[in-house]
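One structure is given here, and the rest of the page talks about it.
Side chains included, hydrogens not; waters and symmetry mates left out as well; all remaining heavy atoms used.
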Amino acid sequence: QVQLVESGGGLVQAGGSLRLSCAASGRTFSSYAMGWFRQAPGKEREFVARINWSGGSTYYADSVKGRFTISRDNAKKMVYLQMNSLKPEDTAVYYCAADLIPSNVLRVGAHEYDYWGQGTQVTVSS
């Protein structure tokens, strides 16, 4: 079992920055990959970023590449999403998720993640 709790969302103007945090508990945090997803009203949940168990490998959706950075601190059981140069189209509920299946294949589908947080709202005003 893994429990995930996100924080750090809020209202920000376009061009601003936010840092989301996700606190994990339960199963050994350093043993699994983590991802961030987002869901805007009326849209499907979409992949944002992924980080492997060690933090040595990251992957981003094209829409956020160069603006967002995912990182993790295994000692603190935390994963972060630094979001810079925010745009109104980044407005969504952001979720962190845990992928417990070891894999050398890049996994970006929401159905491939085993545990989810409750989400945190990010609103970017124009």
Side-chain angles (χ1 to χ4, degrees):
Q1 286 279 359
V2 174
Q3 294 79 42
L4 302 172
V5 179
E6 302 96 336
S7 60
L11 173 65
V12 63
Q13 289 188 333
S17 298
L18 280 175
R19 187 196 197 203
L20 305 184
S21 299
C22 174
S25 60
R27 184 168 167 167
T28 305
F29 181 68
S30 59
S31 68
Y32 52 86
M34 293 291 296
W36 284 97
F37 289 76
R38 66 187 182 186
Q39 188 167 17
K43 295 188 177 180
E44 292 189 355
R45 193 167 298 191
E46 67 171 354
F47 170 79
V48 174
R50 174 182 171 95
I51 189 166
N52 75 333
W53 65 274
S54 69
S57 178
T58 58
Y59 182 77
Y60 300 91
D62 287 343
S63 58
V64 306
K65 200 173 297 181
R67 300 188 298 122
F68 291 11
T69 302
I70 188 171
S71 61
R72 67 189 295 161
D73 184 332
N74 286 343
K76 295 181 178 179
K77 299 183 179 181
M78 298 288 296
V79 64
Y80 306 99
L81 186 68
Q82 178 66 44
M83 306 185 295
N84 298 328
S85 302
L86 283 161
K87 305 175 182 180
E89 51 263 44
D90 294 318
T91 295
V93 177
Y94 283 71
Y95 300 89
C96 66
D99 178 6
L100 270 59
I101 305 299
S103 175
N104 292 324
V105 177
L106 183 62
R107 291 157 62 89
V108 299
H111 66 281
E112 296 176 303
Y113 288 71
D114 304 287
Y115 293 94
W116 294 81
Q118 83 289 350
T120 185
Q121 176 71 48
V122 172
T123 303
V124 184
S125 64
S126 58

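- The cluster map of Ile, Leu, Val, Met, Phe, Trp and Tyr, joined by side-chain heavy atoms under 4.5 Å apart, puts Val79 and Tyr94 in the same cluster.
- Remark: Lys43 engages no residue in a salt bridge (charged side-chain N to carboxylate O under 4.0 Å, His left out) (not counting sequence neighbours).
- Separating the CZ atom in Arg50 from the CH2 atom in Trp36 is a distance of 15.0 Å, to the nearest 0.5 Å.
- Counting all heavy atoms, side chain and backbone alike, Tyr32 lies closest to Arg72 at O-NH1, 2.9 Å.
- A pairwise comparison of heavy atoms in Thr91 and Ala40 identifies O-CB, 3.7 Å as the closest pair.
- Residues Ile70 and Leu100 fall within the same hydrophobic cluster, defined by Ile, Leu, Val, Met, Phe, Trp and Tyr side chains chained together at heavy-atom separations under 4.5 Å.
- Lys87 NZ to Ser126 OG: the interatomic distance, rounded to the nearest 0.5 Å, is 14.0 Å.
- Sequence neighbours left out, the pairs with a member in residues 39-59 that pass ring-ring contact (aromatic ring centres under 6.0 Å, His included) are Phe37-Phe47, Phe47-Tyr59.
- No more than 12 heavy atoms of other residues, nucleotides or ligands sit less than 6.0 Å from atom CD of Glu44.
- Applying the side chain to side chain donor-acceptor pair (under 3.5 Å) test to Asn84 and every residue at least two apart in sequence or in another chain returns Ser17, Gln82.
- The shortest distance between side-chain heavy atoms of Leu20 and Met83 falls below 4.5 Å.
- Among pairs with a residue in residues 2-28, none fulfils ring-ring contact (aromatic ring centres under 6.0 Å, His included), at least two apart in sequence or across chains.
- Put simply, CG on Asp99 and CG on Asn52 are 11.0 Å apart, with the number rounded to the nearest 0.5 Å.
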_The test is side-chain contact (heavy atoms from CB on, under 4.5 Å); show your working for Trp116 and Arg45 and say whether it passes._
CA-CA 12 Å; Trp116 294 81; Arg45 193 167 298 191; 3.2 Å; yes
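- In this structure, CG on Asp73 lies 5.0 Å from OH on Tyr80, to the nearest 0.5 angstrom.
- Considering NZ of Lys77 and OG1 of Thr28, their distance stands at 7.0 Å, rounded to 0.5 Å.
- Nearest heavy atoms, Ala98 versus Leu4: N-CD1, 3.8 Å.
- Hydrophobic clustering (side-chain heavy atoms under 4.5 Å, transitive across Ile, Leu, Val, Met, Phe, Trp, Tyr) keeps Val2 apart from Tyr113.
- Under the 3.5 Å distance criterion, the side-chain polar atoms of Gln118 are left unmatched by any main-chain donor or acceptor of Val5.
- Taking hydrophobic clusters as Ile, Leu, Val, Met, Phe, Trp and Tyr residues chained together by side-chain heavy-atom distances below 4.5 Å, Ile51 shares a cluster with Tyr60.
- The CE atom of Met34 sits 11.5 Å away from the OG atom of Ser71 when rounded to the nearest 0.5 Å.
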*asked:* Let's go through Met78 and Phe29 carefully: what are the C-alpha distance in whole Å and the side-chain angles of both, what is the deciding distance for side-chain contact (heavy atoms from CB on, under 4.5 Å) to 0.1 Å, and is it a yes or a no?
replied: CA-CA 8 Å; Met78 298 288 296; Phe29 181 68; 5.8 Å; no
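- Remark: Arg38 engages Glu46, Asp90 in a salt bridge (charged side-chain N to carboxylate O under 4.0 Å, His left out) (not counting sequence neighbours).
- Applying the disulfide bond (SG atoms under 2.5 Å apart) test to every pair with at least one member in residues 15-126, sequence neighbours left out, gives these pairs: Cys22-Cys96.
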